[in-house]
Amino acid sequence: MADESALEARLRQLPSVYRLLQTPEAQGWVETFGHELTTEAIREALDEARDRVLAGEETPSAASVLASAQARLERLVAPTLRRAINATGVIIHTNLGRAPLSRAAREAMELAARGYTNLEYDLAAGVRGSRYVHAVGLLKRLTGAEDALVVNNNAGAVLLALSTLAAGREVIISRGQLVEIGGGFRIPDVMRQSGARLVEVGTTNRTTLKDYAAAISDETALLLRVHTSNFRIIGFTHQPSLAELVELGRSHSLLIMDDLGSGTLLDTAQYGLAHEPTVQESVAAGADVVTFSGDKLMGGPQAGYIVGRRELIARMRTHPLTRALRVDKVAIAGIEATLRHYLLNEATREIPVWRMIATPAEALRKRARAWARRLRAAGVDATVVEGQSTVGGGSLPGETLPSWLLALAVPSPDGFARALRMGKPAIVPRIEEDRVLFDPRTVLPDEDEALVKGILAAWSAA
Ligand SMILES: *Cc1c(COP(=O)(O)O)cnc(C)c1O
């Protein structure tokens with residue numbers, strides 16, 4: 001009994017909601033968050049305090065209840081999408097938002113977001129226009145295709161193209177090209193959603209032109225090639241070239257579609273990487289439709305590009321799915337600005353993804369050394385080691401770019417990495433052989449200061 005009344009006494013020591021609401025702190029929150037949210041946060045903080053007393057703890061002070069209420073209010077408005085510094089060395093990191101955008105793209109997007117635009121308005125005629133005219137001229141010129149259509153993302157582009165061209169009919173695809181992209185999504189599943197029936201031919205490692213030819217029937221609508229962008233089969237392998245597929249398709253009046261996945265306009269081989277097939281090559285080889293992503297090697301906003309023959313693109317443009325997959329005005333602004341960089345031959349200077357690919361290892365060594373110098377001056381055990389960056393984003397699997405990395409030897413690499421990730425901005429390093437590594441290739445030039453500060457904060461906390 002005595003215990004119970006002692007407990008009650010301790011519960012009675014807790015301030016009331018009303019009293020806490022009258023404090024100057026709470027009155028300040030009311031101005032920012034309003035009466036209702038503030039009261040709710042205080043009530044929840046008091047509930048938590050009561051639970052702790054019931055669990056046998058001392059009565060929390062009014063100040064600590066207020067601190068808990070404040071933390072609740074701040075969590076309420078904190079964005080879940082936060083800035084992150086990518087120190088992993090994976091250039092197109094899908095989990096970290098793929099391509100950072102060029103300055104021109106960001107400025108164009110800001111402009112489109114701020115006010116009204118002629119998104120679907122013909123300024124010369126003063127009548128309704130189409131959102132699908134934007135970026136088309138640039139895409140035609142850059143790829144050599146007759147026409148182009150931009151949708152929300154490449155999975156959408158594939159879905160729309162197959163829905164328009166092959167619903168209810170057969171699409172022949174090699175077993176070696178049934179790709180699963182990130183997040184458990186399988187391209188064949190997306191394709192089936194179009195209503196097309198996939199006819200799989202060949203084996204995992206070898207598919208011949210004869211395999212395709214043998215599968216052609218009255219039901220066949222098109223031959224589909226999917227670039228195996230995120231894996232590589234080596235050894236005893238064969239896939240017919242796109243040109244061979246085009247020839248076979250033409251002789252049977254079938255369409256040829258090429259899903260390039262990443263899609264690049266520049267030759268990756270000039271940077272010591274394997275040659276990733278370019279969009280221009282697919283168009284020149286005679287593909288009727290080519291689909292590719294906007295935010296992988298293109299280095300622009302999330303988008304799906306479809307380029308190809310005029311009458312096919314025209315049919316896609318009026319398909320009901322186009323409305324469901326439509327591209328946003330802010331994205332269109334960034335897309336045009338990004339494509340313009342290619343037209344003006346300034347892609348490797350202006351588009352971050354290409355600038356990262358093109359940066360020589362020696363420049364990265366200098367940056368890593370500058371970070372290490374600053375960290376060592378503050379007592380951090382930092383060294384610079386040789387390492388590798390990757391392109392990522394489901395492109396150029398197994399291909400690496402030489403780099404120099406900042407390496408930290410810490411007692412608990414996982415704990416240290418977590419502290420970095422929870423910082424503001426978040427810093428995402430990689431861990432190898434119990435060392436925490438930071439690759440300057442993917443850290444943007446203006447992030448040096450924040451990176452060093454973040455590492456110092458995590459170091460002093462550890
Ligand atoms: C990445 C990829 C896709 C999907 O592109 P998103 O723009 O992510 O929708 C489709 N096909 C291939 C081969 C890919 O690599």
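These numbers come from the heavy atoms of this one structure, side chains and all, not from hydrogens, waters or symmetry mates.
- Within the 4.5 Å cutoff, side-chain heavy atoms of Leu297 are placed close to those of Ile92.
- Atom CZ of Arg315 sits about 11.0 Å away from atom CD1 of Ile313, to the nearest 0.5 Å.
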| request: Assess whether salt bridge (charged side-chain N to carboxylate O under 4.0 Å, His left out) is satisfied between Glu110 and Arg114, documenting all intermediate values. | output: CA-CA 6 Å; Glu110 212 270 330; Arg114 195 187 315 162; 2.5 Å; yes
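- Enclosure of atom CZ in Phe185 is not indicated, since only 12 or fewer non-hydrogen atoms of other residues, nucleotides or ligands lie within 6.0 angstrom.
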| said: As a quick check of understanding, evaluate side-chain hydrogen bond (donor to acceptor under 3.5 Å, both in side chains) for Glu276 and His227, giving each step before the final call. | reply: CA-CA 9 Å; Glu276 176 84 3; His227 176 48; 3.2 Å; yes
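- Across Ile427 and Ile455, no two heavy atoms sit closer than the pair CD1-N, 4.2 Å.
- Residue pairs that meet the salt bridge (Lys or Arg N to Asp or Glu O under 4.0 Å) test with at least one member in residues 25-41, sequence neighbours left out, do not exist here.
- Atom OG1 of residue Thr278 and atom CG of residue Leu260 lie 8.0 Å apart, to the nearest 0.5 angstrom.
- Counting heavy atoms from C-beta outward, Glu346 and Arg349 have side chains that approach closer than 4.5 Å.
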Could you pull out all donor-acceptor pairs under 3.5 Å where a side-chain atom in residues 401-416 meets a protein atom, sequence neighbours excluded?
residue : atom : partner : partner atom : Å
Ser403  : OG   : Asp439  : OD1          : 2.8
Ser412  : OG   : Gly415  : N            : 3.1

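- How far CG of Leu20 is from OG1 of Thr38: 12.0 Å, rounded to the nearest 0.5 Å.
- No donor-acceptor pair under 3.5 Å is formed between the side chain of Tyr342 and the backbone N or O of Leu138.
- Side-chain contact between Ile335 and Tyr305 is present, with at least one heavy-atom pair separated by less than 4.5 Å.
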| task | Could you walk me through whether Ser68 and Glu48 pass side-chain hydrogen bond (donor to acceptor under 3.5 Å, both in side chains), step by step? | result | CA-CA 9 Å; Ser68 158; Glu48 183 204 331; 3.2 Å; yes
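- Contact check for Ser262 versus Phe292: no side-chain heavy atoms found under the 4.5 Å cut-off.
- Considering only heavy atoms from C-beta on, Leu149 comes within 4.5 Å of Leu160 through its side chain.
- With His275 as reference, Asp267 is the one residue of Thr268, Asp267, Thr264 to meet the side chain to side chain donor-acceptor pair (under 3.5 Å) rule.
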| request: Determine, step by step, whether Trp459 and Leu375 satisfy the side chain to side chain contact (heavy atoms under 4.5 Å, CB included) criterion, reporting the C-alpha distance in whole Å, the side-chain angles of both residues, the deciding distance to 0.1 Å, and the verdict. | output: CA-CA 10 Å; Trp459 183 269; Leu375 291 166; over 6 Å; no
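- Side-chain atoms of Glu120 never come within 3.5 Å of backbone atoms of Gly129 as a donor-acceptor pair (strictly under, hydrogens ignored).
- Val171 places none of its side-chain heavy atoms less than 4.5 Å from the side chain of Met257.
- For Asp434, the CG atom counts as loosely surrounded, since its 6.0 Å shell holds 12 or fewer non-hydrogen atoms of other residues, nucleotides or ligands.
- Between the side chain of Gln193 and the main chain of Val190, no donor-acceptor pair closer than 3.5 Å is present.
- Arg317 is linked by a side chain to side chain donor-acceptor pair (under 3.5 Å) to Asp147, counting only residues two or more places apart in sequence or in another chain.
- Remark: side-chain polar atoms of Arg441 are paired, donor with acceptor, to backbone N or O of Thr359 under 3.5 angstrom.
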| Could you walk me through whether Glu449 and Arg374 pass the side chain to side chain contact (heavy atoms under 4.5 Å, CB included) check? | CA-CA 10 Å; Glu449 191 62 31; Arg374 287 193 52 190; 3.0 Å; yes
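- Thr322 places a side-chain N or O within donor-acceptor distance of the main-chain N or O of Met316, the cut-off being under 3.5 Å.
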| task | Apply side chain to side chain contact (heavy atoms under 4.5 Å, CB included) to the pair Leu76 and Phe33, showing each step before the final yes or no. | result | CA-CA 10 Å; Leu76 214 55; Phe33 299 98; 5.5 Å; no
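- Smallest separation of non-hydrogen atoms from Ile306 and Ala157: CG1-CB, 3.6 Å.
- For the atom pair CG (Asn118) and CZ (Arg131), the distance works out to 11.5 Å, reported to the nearest 0.5 Å.
- Taking both residues in full, the closest heavy atoms of Ala105 and Thr338 are given as CB-OG1, 3.8 Å, listed atom of the first, atom of the second, then distance.
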| request: Start with the C-alpha gap between Glu399 and Arg232, add the side-chain angles, then the distance that decides, and say whether salt bridge (charged side-chain N to carboxylate O under 4.0 Å, His left out) holds. | output: CA-CA 10 Å; Glu399 294 287 316; Arg232 209 165 62 183; 3.3 Å; yes
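- Residues satisfying the side chain to side chain contact (heavy atoms under 4.5 Å, CB included) criterion with Arg186, sequence neighbours excluded, are Glu180, Pro188, Asp189.
- Judged by distance alone, the side chains of Ser293 and Asp295 do bring a donor and an acceptor atom under 3.5 Å apart.
- By the neighbour-count criterion of 12 heavy atoms within 6.0 Å, atom CG of Leu123 is densely surrounded, having more than that number from other residues, nucleotides or ligands.
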| message | Test salt bridge (charged side-chain N to carboxylate O under 4.0 Å, His left out) on Arg367 and Glu362; report intermediate values, then the result. | response | CA-CA 9 Å; Arg367 262 178 93 197; Glu362 208 37 51; over 6 Å; no
| field | salt bridge (charged side-chain N to carboxylate O under 4.0 Å, His left out) between Glu350 and Arg103, intermediate numbers included | value | CA-CA 7 Å; Glu350 300 296 333; Arg103 174 187 295 274; over 6 Å; no
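- Every pair passing side chain to side chain donor-acceptor pair (under 3.5 Å) that includes a residue from residues 53-66 is listed here, sequence neighbours excluded: Gln13-Thr59, Arg52-Glu57.
- Contact between Ser282 and Arg225 at its shortest, heavy atoms only, is OG-NH2, 4.1 Å.
- Nearest heavy atom pair, residue Pro100 against residue Met356, reads CG-CE, 4.1 Å.
- In plain terms, the two heavy atoms of Thr143 and Leu139 that are nearest each other are OG1-O, 2.7 Å.
- The shortest distance between side-chain heavy atoms of Thr88 and Phe438 does not fall below 4.5 Å.
- Applying the side chain to side chain donor-acceptor pair (under 3.5 Å) rule to Asn153 yields no partners; only residues at least two apart in sequence or on another chain are considered.
- Put simply, the side chain of Leu11 reaches to within 4.5 Å of the side chain of Arg50, judged on heavy atoms.
- Put simply, the side chain of Asn86 gets close to the backbone of Val90: a donor and an acceptor are under 3.5 Å apart.
- To the nearest 0.5 Å, the span separating OG1 on Thr291 from CG on Leu159 amounts to 11.0 Å.
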| Please walk me through it: do Leu21 and Val30 pass side chain to side chain contact (heavy atoms under 4.5 Å, CB included)? | CA-CA 9 Å; Leu21 258 178; Val30 168; 4.2 Å; yes
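- If you take NE2 on His134 and OG1 on Thr117, they are separated by 6.5 Å, rounding to the nearest 0.5 Å.
- The closest donor-acceptor contact from the side chain of Gln302 to the backbone of Asn152 lies under 3.5 Å.
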